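Have a look at the structure below, then the notes.
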Amino acid sequence: MDPTLARRSAALELSLRALDAAVVAFSGGVDSALLTAVAHDVLGDRCVAVTARSPSVATRELDDARALAARFGWNHVVVDTHETEHERYARNDSDRCYWCKTELLDVLGPIAAARRARVLVGTNADDLGDYRPGIRAASEHGALTPLADAGLTKADVRALCAARGLPIAAKPASPCLASRVAYGVRVTPERLRRIEAAEDELRALGFDVVRVRDHGDLARVEVPAADIERAAALQERVSERLRELGWRYATLDLTGFRSGSMNEVLAPPALRAAP
């Protein structure tokens, strides 16, 4: 193993050994999966992985989280969160992620208190340089960020997942469904369900990486640049399905997929705005 990666991995384990117990916010993605795996090795039954179930979480993601936890024997709990019922989240301003993380941590707090545990979130070192309001919410709730504290980057996390035999080492990022909704367009369970249905339809057509961005009457489809030509060839079928789901217009983004493209509309002052 690369010496730098080995040093960071050892720092992660050391920080977890200092805890009496841990509650890990486990989404099923690579970051939280690595954190859960290491915490489980170090703490055993004193670690519990908790996955949120809500309209903003795709069914396939919840199923994948359950399957991964069962495969490795992790102590796993699914809880309901209700962020879509809160106006400050549903109005979908640039601080939406802050209120989503706040809801999650409000739910995890009593679970951690009952176990005399600390809440852990899967923030990695790369996340610290991105626009992520949820990081502020985690800090305000006293949640720990062991991956970032150990200096582990996303590439490091993937490498350690692969070394441990975790089958999701190469899994593409899959943020919540609300991240597909343009700022200012209200987030509702119905809107999230149609986004999930649209993306499931495109995955069934063979697009492993896809986003359907909801701009109200317009659906903007993002696939990797290498897949744009193939998606364009299916335009009639895809357009018809998107219209059936309720969009009036459908477009294929010729720039191609890029993570967090909804944030491109945010000016620097908005990035710094507090809730």
Side-chain angles (χ1 to χ4, degrees), residues 25-29 32 50-62 65 78-111 119 121-123 127 130-141 143 173-201 210-222 242-251 259-267 269-275:
F26 173 54
S27 67
S32 62
V50 182
T51 302
R53 174 175 51 203
S54 81
S56 65
V57 178
T59 301
R60 64 182 174 277
E61 293 298 323
L62 180 58
V78 176
V79 297
D80 292 314
T81 58
H82 306 279
E83 59 272 16
T84 58
E85 298 175 14
H86 299 294
E87 175 61 25
R88 289 177 295 190
Y89 174 89
R91 70 190 180 199
N92 197 19
D93 293 335
S94 62
D95 61 358
R96 181 197 66 243
C97 291
Y98 174 89
W99 299 112
C100 180
K101 185 70 76 173
T102 294
E103 167 70 7
L104 173 62
L105 293 168
D106 284 345
V107 171
L108 296 186
I111 298 173
V119 175
V121 296
T123 303
D127 294 334
D130 196 5
Y131 175 58
R132 295 179 182 267
I135 293 177
R136 187 172 71 255
S139 176
E140 291 173 358
H141 281 73
S174 185
C176 76
L177 295 171
S179 69
R180 279 74 149 166
V181 183
Y183 291 120
V185 175
R186 191 171 185 83
V187 176
T188 65
E190 295 75 22
R191 189 178 298 280
L192 298 173
R193 280 195 293 269
R194 77 172 179 175
I195 292 170
E196 182 175 10
E199 292 189 354
D200 284 347
E201 186 85 13
V210 62
R211 297 288 188 273
V212 177
R213 310 290 191 184
D214 190 323
H215 294 262
D217 284 339
L218 170 70
R220 177 168 57 90
V221 178
E222 289 182 13
L242 293 176
R243 287 172 180 269
E244 288 174 353
L245 288 169
W247 284 285
R248 183 169 297 179
Y249 309 104
T251 185
S259 182
S261 71
M262 286 302 195
N263 291 338
E264 293 168 1
V265 303
L266 297 178
L271 297 180
R272 297 192 296 267

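No hydrogens, no waters, no symmetry mates; every other heavy atom, side chains included, goes into these values. As the structure is a computational prediction, the values presented were derived from the model and not from experiment.
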Mind checking whether [X] and [Y] have side chains closer than 4.5 Å, heavy atoms only?
{"X": "His215", "Y": "Tyr249", "result": "no"}
{"X": "Tyr89", "Y": "Thr84", "result": "yes"}
{"X": "Leu242", "Y": "Val221", "result": "yes"}
{"X": "Lys101", "Y": "Arg136", "result": "no"}

Could you grab the distance from atom [atom1] of [X] to atom [atom2] of [Y], nearest 0.5 Å is fine?
{"X": "Asp93", "Y": "Tyr183", "atom1": "CG", "atom2": "OH", "result": "10.0 Å"}
{"X": "Leu105", "Y": "Cys100", "atom1": "CG", "atom2": "SG", "result": "9.5 Å"}
{"X": "Asp80", "Y": "Arg53", "atom1": "CG", "atom2": "CZ", "result": "4.0 Å"}
{"X": "Ser56", "Y": "His82", "atom1": "OG", "atom2": "NE2", "result": "11.5 Å"}

Can you tell me if [X] uses its side chain to pair, donor with acceptor, with the backbone of [Y] under 3.5 Å?
{"X": "Ser32", "Y": "Ser27", "value": "yes"}
{"X": "Thr102", "Y": "Tyr98", "value": "yes"}
{"X": "Arg88", "Y": "Trp99", "value": "no"}
{"X": "Thr51", "Y": "Val78", "value": "no"}

Minimal non-hydrogen separation, [X] against [Y], with atom names:
{"X": "Ser94", "Y": "Pro133", "result": "O-CG, 3.9 Å"}
{"X": "Ala182", "Y": "Asn92", "result": "O-ND2, 2.8 Å"}
{"X": "Arg96", "Y": "Val181", "result": "NH1-O, 4.1 Å"}
{"X": "Leu177", "Y": "Pro55", "result": "CD1-O, 3.6 Å"}
{"X": "Ala52", "Y": "Leu104", "result": "CB-CD1, 4.0 Å"}
{"X": "Arg211", "Y": "Ala173", "result": "NH2-O, 2.8 Å"}

* To do: With Glu196 as reference, evaluate Thr59, Val212, Val57 under the side chain to side chain contact (heavy atoms under 4.5 Å, CB included) test and give the passing residue.
  =>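 Exactly one option meets the side chain to side chain contact (heavy atoms under 4.5 Å, CB included) with Glu196, and it is Thr59.
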* Would you call Glu190-Arg193 a salt bridge at under 4.0 Å N-O? ->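 A salt bridge links Glu190 with Arg193.
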* Between Leu108 and His141, is a side-chain contact (heavy atoms from CB on, under 4.5 Å) present by the stated rule, with each step listed? -> CA-CA 10 Å; Leu108 296 186; His141 281 73; over 6 Å; no
* Asked: Sequence neighbours excluded, which residues qualify as salt bridge (Lys or Arg N to Asp or Glu O under 4.0 Å) partners of Glu83?
  ->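 So Glu83 forms no salt bridge (Lys or Arg N to Asp or Glu O under 4.0 Å) with any residue.
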* Taking only residues at least two apart or on different chains, which pairs with a member in residues 175-188 satisfy salt bridge (charged side-chain N to carboxylate O under 4.0 Å, His left out)? ->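 Only Glu87-Arg186, Arg180-Glu199 qualify under salt bridge (charged side-chain N to carboxylate O under 4.0 Å, His left out).
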